[in-house]
Amino acid sequence: VELLGITLTMVDADAAPRHDALRPDAGVYRLEGLAPGTYEVVVEPGRSLWMPTGYLLRVTRRIEVPPAGELRLPVAIEAGGRLRIAARTPSGALVECGCRILDAEGRPVPVAFRTQSDRMQMTMPDQLGTLSPSMVDPPLQAGRYTVEVTRPGRPPHTRNVDVRVRETTDVEFVLDA
């Protein structure tokens, strides 16, 4: 369910989305008719069908729905930043290659890479496309990250980047043809 550019998903204990329980009203979501139990609430601001938009970060909360009564769950949404990554040949052509983002401790960050042209859009979990520079989705918390691009039979290329709140940082790699 989307309201004011914010997508909210309820997931029950069986990992089944429960969109039928959501009733948006003036910026407030009412969750009605839920059986008691544990649910996960996912709030995704700034989503678009085709490309990621905005800098607001995804929020996930686990809740226990009581047998009766009302449960309030205020959710504070924070801003992050984005990366737009391109791998090119020395002549400037975009190159398809593997890519991953590592946090400051060297752990992989779960992201997708979205690329688009006038006629199509592609989302890939672990590689950069050749339609346009790839936008990292979702936005990242502000901080230092390592971007690593790989091609079969060649050593990886890495670059440390700082993600800043409400900014898109361009990261360019020039790879051998």
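Residue numbers start at 1 and run along the sequence shown.
- In this view, Pro108 and Arg100, Leu102 satisfy the side-chain contact (heavy atoms from CB on, under 4.5 Å) rule, not counting sequence neighbours.
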Can you list the steps and then say if Tyr39 with Val65 is a side chain to side chain contact (heavy atoms under 4.5 Å, CB included)? CA-CA 7 Å; Tyr39 293 83; Val65 174; 3.4 Å; yes
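- Counting heavy atoms from C-beta outward, Val147 and Thr158 have side chains that stay 4.5 Å or more apart.
- A 6.0 Å sphere centred on CD of Gln141 holds no more than 12 heavy atoms belonging to other residues, nucleotides or ligands.
- In this structure, Pro90 and Leu175 approach most closely via the heavy-atom pair CD-O, 3.1 Å.
- Partners of Arg144 under the salt bridge (Lys or Arg N to Asp or Glu O under 4.0 Å) rule, at least two apart in sequence or in another chain, are Asp162.
- Between Arg82 and Val136, the shortest heavy-atom distance links the atoms NH1-O, 2.9 Å.
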Kindly indicate, with the supporting measurements, whether the criterion side chain to side chain contact (heavy atoms under 4.5 Å, CB included) is fulfilled by Leu128 and Glu96. CA-CA 5 Å; Leu128 304 178; Glu96 194 171 283; over 6 Å; no
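- Residues Phe113 and Gln127 share a closest heavy-atom pair of CB-O, 3.4 Å.
- The backbone N or O of Val95 lies less than 3.5 Å from no partner atom in the side chain of Arg151, so there is not a single donor-acceptor pair.
- Considering all non-hydrogen atoms of both residues, Gly129 and Ser134 come closest at N-OG, 3.2 Å.
- Of the possible donor and acceptor atoms, one in the side chain of Ser132 sits under 3.5 Å from a partner among the backbone N and O of Gln116.
- We find the CG-OG1 distance between Asn160 and Thr146 to be 4.0 Å, quoted to the nearest 0.5 Å.
- A pairwise comparison of heavy atoms in Ala86 and Leu94 identifies CB-CD2, 3.8 Å as the closest pair.
- Taking 4.5 Å as the limit, some side-chain heavy atom of Arg166 sits within range of a side-chain heavy atom of Leu56.
- Every residue two or more places apart in sequence or in another chain that forms a salt bridge (Lys or Arg N to Asp or Glu O under 4.0 Å) with Glu105 is listed here: Arg107.
- There is a path of hydrophobic side-chain contacts, each under 4.5 Å, that joins Ile85 to Val109.
- Atoms OG and CE, from Ser117 and Met122 in turn, are 10.0 Å apart once rounded to the nearest 0.5 Å.
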Check step by step if side chain to side chain contact (heavy atoms under 4.5 Å, CB included) holds for Val174 and Glu172. CA-CA 7 Å; Val174 177; Glu172 295 265 339; 5.9 Å; no
Side chain to side chain contact (heavy atoms under 4.5 Å, CB included) assessment of Leu140 paired with Leu83: CA-CA 8 Å; Leu140 301 169; Leu83 295 175; 3.8 Å; yes
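- Considering CD of Glu148 and SG of Cys97, their distance stands at 10.5 Å, rounded to 0.5 Å.
- The side-chain hydrogen bond (donor to acceptor under 3.5 Å, both in side chains) test with Arg84 singles out one residue from Thr115, Asp170, Thr168, Thr169, and that residue is Asp170.
- Crowding of Arg159 atom CZ: a count of heavy atoms from other residues, nucleotides or ligands under 6.0 Å exceeding 12.
- When all heavy atoms of Tyr145 and Asp103 are compared, the pair lying nearest together is CD2-CA, 3.9 Å.
- The side-chain heavy atoms of Arg61 and Glu40, taken from C-beta on, include no pair separated by under 4.5 Å.
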